[in-house]
Amino acid sequence: MEDGGEIIIGGGPGAGDGAYDFHRLHNYPLIRHSDMPDEMRNEAMELCVTAVEKYPSNNESAARMIKENMDRKFGSSWHALVGEGYGFEITHEVKNLLYMFFGGNMAITVWKCS
């Protein structure tokens with residue numbers, strides 16, 4: 001519902017005092033960085049969303065699903081990180097990196113490195 005230009009979402013504890021349900025507010029893929037071609041990026045993004053939705057409480061299984069499907073679709077040596085609150089520094093092949101968020105604070109990093 002919209003009230004005076006402010007979007008009010010959900011109820012529950014803290015409702016009405018400015019505490020928003022950010023998991024519902026940001027339940028779409030947000031790409032932070034990618035150098036992939038558009039078609040590859042879209043396929044990888046859809047795969048990441050599917051994996052996180054299929055394994056909502058098991059990040060390791062989601063990462064395994066992403067890695068195995070990327071290896072099958074785009075050749076081997078793909079790597080995947082799925083989780084919250086991590087930093088990373090990687091070396092990757094050019095045009096083979098995707099860093100995105102889904103469902104609020106779930107980060108997903110996918111890259112190819114031979």
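Values below: every heavy atom of this structure, side chains too, minus hydrogens, waters and symmetry copies.
Between the CE atom in M106 and the CG atom in L30 there is a gap of 14.5 Å [rounded to 0.5 Å]. Residue L81 holds its CG atom at 10.0 Å from OH of Y99, rounded to the nearest 0.5 Å. Annotation: the span from N96 atom CG to F74 atom CZ amounts to 9.0 Å, rounded to 0.5 Å.
Nearest heavy-atom pair across N69 and M65 is ND2-O, 2.8 Å. Across all non-hydrogen atoms, the minimal contact from C48 to M100 is CB-SD, 3.8 Å. Looking at every heavy atom in both residues, C113 comes nearest to T91 through SG-O, 3.5 Å. Pairing each heavy atom of Y86 with each of T109, the nearest pair is OH-OG1, 2.8 Å. F101 and A107 make their closest contact through CE2-CB, 3.6 Å (heavy atoms, listed as atom of the first residue, atom of the second, distance). Contact record, A80 with A63: CB-O, 3.7 Å, taken as the closest heavy-atom pair.
K67 places no side-chain N or O within donor-acceptor distance of the main-chain N or O of S77, the cut-off being under 3.5 Å. Between the N105 side chain and the E84 main chain, no donor and acceptor come within less than 3.5 Å of each other. Panel note: side chain N42, backbone M40; no donor-acceptor pair is recorded below 3.5 Å. Using a distance-only test at 3.5 Å, with no hydrogens or angles considered, a donor-acceptor pair links the side chain of D35 to the main chain of L97.
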**Residue pair L98, I108: steps toward the side-chain contact (heavy atoms from CB on, under 4.5 Å) verdict** = CA-CA 8 Å; L98 173 67; I108 304 161; over 6 Å; no
**Message:** Between H92 and K112, does the side-chain contact (heavy atoms from CB on, under 4.5 Å) criterion hold? Intermediate values first, please.
**Reply:** CA-CA 6 Å; H92 67 90; K112 186 174 186 177; over 6 Å; no
**Asked** Where do K95 and M36 land on the side-chain contact (heavy atoms from CB on, under 4.5 Å) test, with the steps shown first?
**Response** CA-CA 4 Å; K95 299 195 181 289; M36 291 179 171; 5.9 Å; no
**Request:** Would you sort out whether L47 and E43 count as a side-chain contact (heavy atoms from CB on, under 4.5 Å), showing the intermediate values?
**Result:** CA-CA 6 Å; L47 173 61; E43 289 185 42; over 6 Å; no
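Proximity of the aromatic rings of Y28 and F102 is defined here by a centroid distance below 6.0 angstrom, and this criterion is not met.
Hydrophobic clustering (ILVMFWY, side-chain heavy atoms < 4.5 Å, transitive): W111 and V94 are in distinct clusters.
Under a 4.0 Å N-O distance rule, the pair E60/R64 qualifies as a salt bridge.
H79 is not listed as a side-chain neighbour of V110, based on a closest heavy-atom distance of 4.5 Å or more.
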